[in-house]
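Every heavy atom of this structure was used, including side-chain atoms; hydrogens, water molecules and symmetry mates were not.
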Amino acid sequence: MGAETLADNEAKKPDIADQNVCCQIPGFERGEHAETHTVGAAFSFIKGIINTMLNPVLYTDRNGVILGVNKSFSRQIAGLPEEKIIGHTLTAVARSTSEKLPGKLSENEQQSILSCFEEWDKTDRQRLKSGESLTLECKGICADRVKRSFLVNKSAFSDERGEIHGLVTVMQDITEIRHTEENLRKDLEFKKKLLDEIPVPVFYKNTEGRYTGCNKLFTKEIIGLPEEEITGRVYGELTYQAPEDLIKKYNEADVQVYRDGIEHCCELKSRYLPNCLGKEFIVIKAPCFSEDEKINGLVGAVLDVTERNKAQRELQESEEKYRSFIKNFKGIVFQADENFVPVFLHGTVEEITGYSEEEFMSEQPWKNIIHPEDLPRMYEEEKRIQNSPGAGYGEIDFRIMHRKGITKWVHEIYQKIPGCNGKPDMYQGAIYDITERKEAEESLATLELARKKEIHHRIKNNLQVISSLLDLQAERFRNRKAVKTSEVLEAFLESQNRVVSMALIHEELHKGGQVDTLNFSKYLQKLTENLFETNRIGNSDISLNMDLEENIFFDMDTAVPLGIIVNELVSNSFKHAFSGREKGNIQIKLYREETREWKNYSGEDEKEDYKNTGFMLAVKDNGKGIPENLDILNPETLGLQLVTTLVDQLGGKLELKRARGTEFRIMFATTEKQ
């Protein structure tokens, strides 16, 4: 039967007008010719009813031969006229329908709806035997090349005696239903996927408190069970030994959502869910509504706030420490804008300045309280830090004027914070009251100055005592005939002058405002005047010409050797330069040579160059001149030996010029004191 075609069955096709076909319809018996008209009328009536049905309908005999179809089946399913269908099997009709379809079917169109009928043979035979109904679903390409889904109902029909004569098949088009279901399924899958992608655990409950769904994050991070083991259970069945009062509390929170119909939020700490023990959560629950606006459940979201709460606690502790620090901070912390105008001040502002923080933020400029004498230094420091590349750091001491008119010393530590993304630089730092420290330092400095002055005074007195002792000793030798009086007296005089030159230094340091630096120009003038008073006895026509640059300050390590050198050279001129002459002149010059770089001539380190100030000291006389055979580097006299030694000590260079008398030039370099 499966291989036959419409042509093969043409001879077997019953005549539509043949009443024998109609006799196979339930309620009719074959051979009842007397009632032919009645049977025909009944068949026409039944066929008219079937044709009015929108659902495709067909009925077959026990051999699977089609006895009748309605217009919906012939037009939508078979695509053939009724006379081409009746009397043939479904397989033959399906093959003819496929041949009639224009073009080649695509892969999605390969399955014809009629091909499903080939699978019905077995089930049809079972229906014919049992007489039971069968409902099944099929889908495929119909005659109009539209893919449809049908719900098919097969029922056996029998005569009055109960003998089964065939099957009636009614097909209900459920394509739209299945399409809607498919869209709904895809929509649900999309929503489920979307829900699973939400980075927050989410769950659903019905009004009985049972879970109806959740996302993956809820199963993984909160409950620790697959969704199928969560769905249908209540919270108490998922917790780990949770006490009844806690479960009751959570259930009451759900009831509150159902009762009030509004969102509810609570914070809790997990103690009984094994997958998240110790974690802290915020649970947000909101009611779900049905189409008739009735609450049918709730949706909840679980936010893990463990780290947030930890950070908040740490921040709170940090703020408490900060408040405690600021409260006990004995100073002022500040931030300033690019123009050094304070934008934030905190600390003991009023205690240090007499003004409140609010006054500095509104009406009182900070620079107005800085001492006028210190403002230039402040502006220089601000300019320096502003022009420094990148971050900068600095410290400065300055005075401020307290509101009560008191002058206070403060120490400021500041830091430059470079701006980014086009923002200007900022400055921050701290200011401390150092008035007491400054006063103590000034007191100590005053005491130290007084102590050093006293030391210089005592040294000067002691040197004067030594000078007096030398003078007394020289007097004793004047009465001795066995001693060459002139040589002895000269020796004592030279020693006395050396002592006096050192005593003068301590006297000047005692009188001056400084105890470590000496105005050497003034000292040199006084030293030479003293030498002239001592040596001009018998040399009254010897004059002194001094050319000293003013305000040259040296420390004692430089002043003492230079003083002795000048003493020796001037004394040497008095002793040797003018013997046999009535007149003479001694010149002393001291000046800076700032453009020269002096080398260390001491011999200790010839590679080291001085880059500080160079000086020239010259002692010249217009006497008879020094002997040609005198080696200045290896002198025989004590005085010149002392000069060369002291020049080496200073790291200087000694030059001797014999033109028009004698000139000693000493070139040296040192850090000049201010």
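How far CZ of Phe532 is from CD1 of Ile542: 7.0 Å, rounded to the nearest 0.5 Å. Atom-to-atom distance recorded for Met426:CE and Asp337:CG is 6.5 Å, nearest 0.5 angstrom. Between the CD1 atom in Ile400 and the CD1 atom in Ile431 there is a gap of 7.5 Å [rounded to 0.5 Å]. Expressed to the nearest 0.5 Å, how far CD of Glu412 lies from CD of Glu381 amounts to 8.5 Å. In this structure, the separation between OG on Ser571 and NE2 on His576 is 10.0 Å, given to the nearest 0.5 Å. We find the CE-CD distance between Met667 and Glu655 to be 3.0 Å, quoted to the nearest 0.5 Å.
Without hydrogens or angle criteria, Ser270 side chain to Gly278 main chain gives no donor-acceptor distance under 3.5 Å. Using a distance-only test at 3.5 Å, with no hydrogens or angles considered, no donor-acceptor pair links the side chain of Asp433 to the main chain of Ile352. Between the side chain of Asp555 and the backbone N or O of Thr558 there is at least one donor-acceptor pair closer than 3.5 Å. Under the 3.5 Å distance criterion, the side-chain polar atoms of Asn339 are left unmatched by any main-chain donor or acceptor of Val341. At distances below 3.5 Å, not a single donor-acceptor pair connects side-chain atoms of Gln587 with backbone N or O atoms of Asn622. No donor-acceptor distance shorter than 3.5 angstrom exists from the side chain of Lys408 to the backbone of Thr353, with no hydrogens or angles considered. Using a distance-only test at 3.5 Å, with no hydrogens or angles considered, no donor-acceptor pair links the side chain of Ser318 to the main chain of Glu314. At least one donor-acceptor pair closer than 3.5 Å links the side chain of Thr662 to the backbone N or O of Ile626.
The existence of a salt bridge linking Glu380 and Arg377 is excluded, since no basic side-chain nitrogen approaches an acidic carboxylate oxygen closer than 4.0 Å. Salt-bridge annotation for Glu280 and Arg313: present, with a side-chain N of the basic residue lying under 4.0 Å from a carboxylate O of the acidic one.
The minimum heavy-atom distance linking Asp621 with Ser573 is given by the pair OD2-OG, 2.8 Å. When every heavy atom of Arg592 is checked against every heavy atom of Asn551, the shortest pair comes out as NH2-O, 2.9 Å. Counting all heavy atoms, side chain and backbone alike, Glu350 lies closest to His402 at O-NE2, 4.2 Å. Listed here is the closest heavy atom pair of Arg271 and Leu277: O-CD2, 3.1 Å. The nearest pair of heavy atoms linking Asn585 to Ser543 is ND2-OG, 2.8 Å. Closest heavy-atom contact between Ile588 and Val566: CD1-CG1, 4.3 Å.
Counting heavy atoms from C-beta outward, Val647 and Phe668 have side chains that stay 4.5 Å or more apart. Under the 4.5 Å side-chain criterion, counting only non-hydrogen atoms from C-beta, Tyr591 is not in contact with Ile552. You'll find the side chain of Tyr379 stays beyond 4.5 Å of the side chain of Ile370, heavy atoms only. Contact of the Glu439 side chain with the Thr435 side chain is registered, since non-hydrogen atoms from C-beta on lie closer than 4.5 Å. Between Leu646 and Glu568 the shortest side-chain heavy-atom distance does not fall below 4.5 Å. Using a 4.5 Å cut-off on side-chain heavy atoms (C-beta onward), Asn309 and Glu267 make contact. Side chains of Ile198 and Leu217 form no contact here, defined as non-hydrogen atoms less than 4.5 Å apart. Side-chain contact check for Pro342 versus Phe360: every heavy-atom pair is 4.5 Å or farther apart.
Within a 6.0 Å radius of CD in Glu319, more than 12 heavy atoms belonging to other residues, nucleotides or ligands are found. Applying the 6.0 Å contact sphere to NZ of Lys216 captures no more than 12 heavy atoms from other residues, nucleotides or ligands. Annotation for Lys220: atom NZ does not count as buried by contact number, only 12 or fewer foreign heavy atoms lying within 6.0 Å. Counting heavy atoms of neighbouring residues, nucleotides and ligands inside a 6.0 Å radius, atom CZ of Arg660 does not exceed 12 of them.
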Could you go step by step and tell me if Val619 and Glu663 meet the side chain to side chain contact (heavy atoms under 4.5 Å, CB included) rule?
CA-CA 6 Å; Val619 179; Glu663 181 181 2; over 6 Å; no
Kindly indicate, with the supporting measurements, whether the criterion salt bridge (charged side-chain N to carboxylate O under 4.0 Å, His left out) is fulfilled by Glu441 and Arg437.
CA-CA 6 Å; Glu441 288 176 354; Arg437 193 192 78 186; 3.3 Å; yes
CA sep, side-chain torsions, deciding dist, call: Val560, Ile564, side chain to side chain contact (heavy atoms under 4.5 Å, CB included)
CA-CA 6 Å; Val560 171; Ile564 296 175; 4.1 Å; yes
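Aromatic ring orientation, Phe615 versus Phe554: perpendicular (interplanar angle above 60°, classes split at 30° and 60°). Taking the six-membered ring where tryptophan is involved, the planes of Phe340 and Tyr427 are essentially parallel, since the angle between them stays under 30° and well short of 60°.
Here Phe334 and Tyr414 keep their ring centres 6.0 angstrom or further from each other.
With sequence neighbours left out, the side chain to side chain contact (heavy atoms under 4.5 Å, CB included) criterion links Ala301 to Val200.
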